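Both backbone and side-chain heavy atoms feed into the values below; hydrogens, waters and symmetry mates do not. All figures in this text were calculated on a predicted structure; none of them were measured in a lab. All chains are named by letter (A, B, ...) in the order of the sequence lines, taking the proteins before the strands, and each is independently numbered beginning at 1.
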Protein chains: 2
Amino acid sequence: MTRAVTLSEVAREAGVSPSTVSRILNGTARVNDDKARQVRQAIEKLGYTRNAFARSLATGSSGIVGVLTPDIASPFYNDALSGIERGLMGSGFSPLIISGHWRTGEEEHAVSLLLNRRVEGLIILGGQMPDHEIREVAARLPVGVLGREVDLKDWGGVALTMDNRQSARDLVTYLVGRGHRVIGHISGPQDHTDARDRLRGYREALEECGLRFQPSLVVQGDFQEPSGLIGMQRLLNRHADLTAIFAANDQMAYGARLALHRLGLRVPEDMSLIGFDDLPGSSYTTPPLSSVRQPMAEMGQWLARYVLGRLRGETPEPFAPRQELMLRESVASRRGTH
Amino acid sequence: MTRAVTLSEVAREAGVSPSTVSRILNGTARVNDDKARQVRQAIEKLGYTRNAFARSLATGSSGIVGVLTPDIASPFYNDALSGIERGLMGSGFSPLIISGHWRTGEEEHAVSLLLNRRVEGLIILGGQMPDHEIREVAARLPVGVLGREVDLKDWGGVALTMDNRQSARDLVTYLVGRGHRVIGHISGPQDHTDARDRLRGYREALEECGLRFQPSLVVQGDFQEPSGLIGMQRLLNRHADLTAIFAANDQMAYGARLALHRLGLRVPEDMSLIGFDDLPGSSYTTPPLSSVRQPMAEMGQWLARYVLGRLRGETPEPFAPRQELMLRESVASRRGTH
DNA sequence: CTGTTAGCGCGTTCAC
DNA sequence: GTGAACGCGCTAACAG
């Protein structure tokens, strides 16, 4: 790559001073129309592209908001990324997305890379990074976190989380209301807060409804499809009287669905099934899967706006993400109810 | 954000000159161990983070590879993003991802933003940007394109594309081989090259097999699920003797699947179904969907390596992406075959 | 309105 | 080994 054209070269070509070119580029001050035209021509002729580094160095601001995502290919977090993009649009800021692959070391590396690039704000999606490290960053710049509980109040940051426990409770209560009495749960990995909360919600809902919690009705998966398939088989072996399954996420529900299909069991006639997360595909499974939707895009957008607001010194308006039960066709009523 | 600590502040704190600190940071030259230790302490104490802008400005290299993706939330292209990440890993380069939302204007804006940030290479995934603009960029830096046909040879770039036509032919030939004689096609939007090629492959396969191509067996969709659902219904109304469907992508196949489900038609017993793209979910639909897999991650990784190689002045080894027929359980044999 | 001057934070000669 | 001086490309005061 041949050395790029500089602003002063443009200035020389147009017969004006560098500052004039700068002023035209930034609209910082009114300039003579004639000169403006000449400068534009020179820019065109030389194929000038402004150097963002030099600019940032001089102005002291990067125009970048860092985004740390656990996985660039996660359908779940990517909705949040879309929201962040939308929230940043037209603000003059652009996102710099780095993924941490759920590994603390990589996440820390990513954050320091972002700090090196002088991001002016940071949005963290999920991940494993220790709370105190997040707070350290939050002390320096506006930070918004999505999908994990971090106390950032004293540091001037926010964490948007969903009430996994409550939603799980709602889901299971719904199943009970439809007449189900023997409800299995395919849980997520128990070192994961969300997974624990969803299991807790399941248990609490059962007890609130006067049903006994039985450990044998729970199998643990890893949030991936295969574990849902295996879990379903195990559950079926243990409890022939099972009529409904609550999977801790949609992916495992898909796995369970396939296990049932292979056994010739119909959903929802023979077995009701319910998931969590409402992946884009879930409205087109057969039958469409009931699940709970987290407004990832809205949350992402709000976080972007939050960071921008803080950058402008505004006090942000609060936001309460609302999870939504997406009731579709994967649950049937059992006779003998009510 | 309080002004960040600079290198010279570290130098002063450690009682050495800025250049010494720089040398230690970069390992550019051997320095006294004692001083090195003092500098490290100063860095620690002051919480110094290096300014990537100043560094890039001084060195003249950004360490960034730009990535233009049509949609940050597309499951299809995101596999490629993962591959790019992997390909860049450990190279000292990091990706800067911007999405163009399938809009030419936004894409152009994104590219100029990347150019401003002095990316040293560029990877373009799909999109709508005119070929000549891509060539213009390719004349300045290493460019790799994925998923669209662009002639970049004379500009020193590559475009990785898949043979959609051939794969579609293989798929349809496979259906015919399994005894199907009346095969419907839900096509993609015909202003889209991939969609056209897949339709052509369908048609050619039919003719090669001695079956007549009938326009009434084709309905046009838009690559989204709902259009697959509607298309399926329309096809069924026109041709009661239909035994198999080739959908131009998996998403439409999902829609078709649901339409069949609602009508009480079984897959594959009553209707065989086949898609294209092999989305992550397709191995867990009921039944698992036959499709054709494009090695997006591998292609992304290769492109990253390609760009890095060009940056180092190497001549890249060629790469022929191979599509793979993923034959699963959504196709049945019809009696009377062979 | 416009040109001149002085940095922004860092890497890199070039002398010592 | 190490420091001083200069420049990377641009913006922002400061005069005019």
Specify the separation, in whole Å, of atom [atom1] of [X] and atom [atom2] of [N].
| X | N | atom1 | atom2 | answer |
| --- | --- | --- | --- | --- |
| A/Asn116 | C/dG9 | CG | C1' | 13 Å |
| B/Leu57 | D/dG7 | CG | C1' | 9 Å |
| B/Glu9 | C/dC8 | CD | C1' | 13 Å |
| B/Leu46 | C/dG9 | CG | P | 14 Å |
| A/Asn32 | C/dG3 | CG | P | 10 Å |
| B/Arg118 | C/dC10 | CZ | P | 20 Å |
| B/Phe53 | D/dC10 | CZ | C1' | 13 Å |
| B/Arg55 | C/dT12 | CZ | P | 8 Å |

- Query: Across the strands shown, which category fits B/Leu7 at heavy-atom distances under 4.0 angstrom: base, sugar-phosphate, nothing?
  - Reply: sugar-phosphate
- Report which part of the nucleic acid A/Thr20 touches: base, sugar-phosphate, or nothing (heavy-atom distance under 4.0 Å, all strands). sugar-phosphate
- Task: Taking only Lys NZ, Arg NE, NH1 and NH2, and the carboxylate oxygens of Asp or Glu, determine whether A/Arg148 and A/Asp131 approach each other closer than 4.0 Å.
- Result: yes
Please examine the side chains of [Y] and [X], heavy atoms only from C-beta on, and report whether any two atoms are closer than 4.5 Å.
| X | Y | result |
| --- | --- | --- |
| B/Glu108 | B/Val111 | no |
| B/Val31 | B/Val39 | no |
| B/Thr49 | A/Arg140 | yes |
| A/Glu107 | A/Glu133 | no |
| A/Leu7 | A/Arg50 | no |
| A/Val137 | A/Ile124 | no |

With a 4.0 Å cutoff (strictly under), does any side-chain N or O of [X] reach OP1 or OP2 of [N]?
| X | N | result |
| --- | --- | --- |
| A/Ser22 | D/dC10 | no |
| A/Ser19 | C/dT2 | no |
| A/Ser17 | C/dG3 | yes |
| B/Asn26 | C/dG11 | yes |
| A/Lys35 | C/dC1 | no |
| B/Arg30 | D/dT2 | no |

- Message: Quiz question: going by heavy-atom distance under 3.5 Å, is there a donor-acceptor pair between the base of D/dG3 and the side chain of B/Arg23?
- Response: yes
- Name the residue closer to the 5' end of DNA chain D, choosing between B/Ala29 and B/Ala54 according to the nucleotide with the nearest heavy atom. B/Ala29
- Item | Nearest-nucleotide comparison on DNA chain C, the residue closer to the 5′ end among A/Gly15 and A/Thr59 | A/Gly15
- Under the side-chain contact (heavy atoms from CB on, under 4.5 Å) criterion, do A/Asn78 and A/Asp71 qualify, and how do the steps go? CA-CA 8 Å; A/Asn78 281 359; A/Asp71 179 3; over 6 Å; no
- Give me the bend of the helix from C/dC1-D/dG16 to C/dC16-D/dG1, using the axes of the five pairs at each end, rounded to 10°. 40°
